[in-house]
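One structure below.
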Number of protein chains: 2
Amino acid sequence: MNSSRQPHTTDTAAAAGPRGAAFLLAQIGAHAAERFAERVGHLGLTPADVGLLRMIAGRPGRSQRALAEDLGVVPSRVVTLIDGLEGLVERRRSAEDRRNYELHLTAEGGRTLGAVSRAAAAHEDALLAALDPDQRALLLGLLERVAAEQELTPGVHPGYRARG
Amino acid sequence: MNSSRQPHTTDTAAAAGPRGAAFLLAQIGAHAAERFAERVGHLGLTPADVGLLRMIAGRPGRSQRALAEDLGVVPSRVVTLIDGLEGLVERRRSAEDRRNYELHLTAEGGRTLGAVSRAAAAHEDALLAALDPDQRALLLGLLERVAAEQELTPGVHPGYRARG
DNA sequence: TATTGTTATACTCTATAACTATA
DNA sequence: TATAGTTATAGAGTATAACAATA
């Protein structure tokens, strides 16, 4: 809209930009994370809390250091996260090596995780309201292929590092 | 794994949790955003910068306040963002109302946006490496339906608020 | 008095590094 | 000396609020 040559305008090269699948994935993904954060926020949890609870439930007895590695965060952050889960997670000193803790869910932690699962189911349903069951299955299959090829660790996503 | 009743374990209700489409969307979305950030980082830009450039290119002459609204951020943040786009974006005082600026891309800004588009195309291709052209089209269609039903504004996503 | 853009301040979040205890 | 966990400090990033110019 000005000088001699027009380096571009919104031409062909822009096709993969804000209208491509990659952009939509990022946009919908961020939206999904926000909505999920709202839902678990009603339970007094952040998405990071949920990730931690799930990880502990899946493999009880792990140390904080092991969790830090799996989450891709620094050990000191795990301290803060677990401090915020008072009453849901229990720290037991290991008998074998009393330097580290073994992490377990309390009974209330288990109930809370159940509530999280119900929230996740409602979230899933609301997010995919536009699709019928067949389409949902189709989408799931495509996403699984992409996730596997991109070598994304099942059950953990970078968003665990923040959000509220 | 302990007391009387087992409130849950990893039973049916957890089905929509870390294995559902909503979770995968959030996970892949965050991954996509990170990879895109890396690519445009080589151009000296953040994803937020890119969003701003695209928005200005799409509708030149807008004011900073208008952009702030569309991006969903506070006006003072737009000041910071535009300050970081020295040489790519031009502020022209409006003749009609000299309080506000009219924002335009410079020639270099246009060239940079062209480079961004090429980066986005490469990003798209790498992210969807697991899918053939038909599957990509299928995925795109499904995502478009979801985005429309969720009333996501085309071209802007919440991730513009941060990242690097 | 209301509005655009700017600057100054405060707040939140996270990582880095120093520290304690166990080994 | 090395490692698990904790605490203290500092850094990045963002919003809130006070400010100057124009209407």
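Each chain gets a letter, A, B and so on, in the order its sequence line appears, and its residues count up from 1. For the numbers below, each heavy atom of this structure counts, side chains included, while hydrogens, waters and symmetry mates do not. Since the model is a prediction, treat every value here as computed from it, not as a measurement.
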Integer-rounded Å distance: D/dA4 P and A/Arg65 CZ: 4 Å

Using a heavy-atom cut-off of under 4.0 Å over every strand shown, decide if B/Ser76 touches base, sugar-phosphate, or nothing. base

Measure the distance from CG on A/Asp83 to P on C/dC13 and round it to the nearest whole Å. 15 Å

Using a strict 4.0 Å threshold on nitrogen-to-oxygen distance, state whether A/Asp70 and A/Arg65 make a salt bridge. no

Would you mind telling me which residue lines up with the more 5' stretch of DNA chain C, A/Arg93 or B/Asn100, judged by nearest nucleotide? B/Asn100

Does a side-chain N or O of B/Arg77 approach OP1 or OP2 of C/dT7 to a distance below 4.0 Å, or not? no

Starting from P on D/dT6, measure out to CG on A/Leu103 and report it in whole angstrom. 9 Å

Categorize B/Arg91 for me: base, sugar-phosphate, or nothing, with a 4.0 angstrom heavy-atom threshold over every strand shown. sugar-phosphate

On the six-membered ring of B/Tyr101, is B/Arg92 placed so that its NZ or CZ lies under 6.0 angstrom from the centre and within 45° of the ring axis? no

A/Asp97 CG to C/dT22 P, straight-line distance once rounded to whole Å: 11 Å

A/Ser63, nearest nucleotide to its side chain (from D/dG5, D/dA23, C/dT6): D/dG5

Suppose we screen for salt bridge (Lys or Arg N to Asp or Glu O under 4.0 Å). Which residues come up paired with A/Arg145, at least two apart in sequence or across chains? none

Less than 4.0 angstrom from a charged side-chain N to a carboxylate O is my criterion; do B/Arg54 and B/Asp49 meet it? no

Can a donor-acceptor pair be found, under 3.5 Å and without considering hydrogens, that links the side chain of A/Glu90 to the backbone of A/Glu102? no

Figure out the CZ/C1' separation between B/Arg98 and D/dA20, and round it to whole Å. 15 Å

Need to verify one output field. Residue with the more 5' nearest nucleotide on DNA chain D, A/Tyr101 or B/Thr80? A/Tyr101

Per B/Val74 side chain, nearest of listed nucleotides C/dG5, D/dT16, C/dT16: D/dT16

How close or far is atom C1' of D/dA15 from atom CG of B/Leu81, stated in whole angstroms? 13 Å

Counting only side-chain nitrogens and oxygens, does B/Arg99 get under 4.0 Å of the OP1 or OP2 atom of C/dG5? no

Atom-pair distance (CD on B/Glu69; P on C/dG5), nearest Å: 11 Å

Spacing of B/Glu96 atom CD relative to D/dA23 atom C1', expressed in whole Å: 13 Å

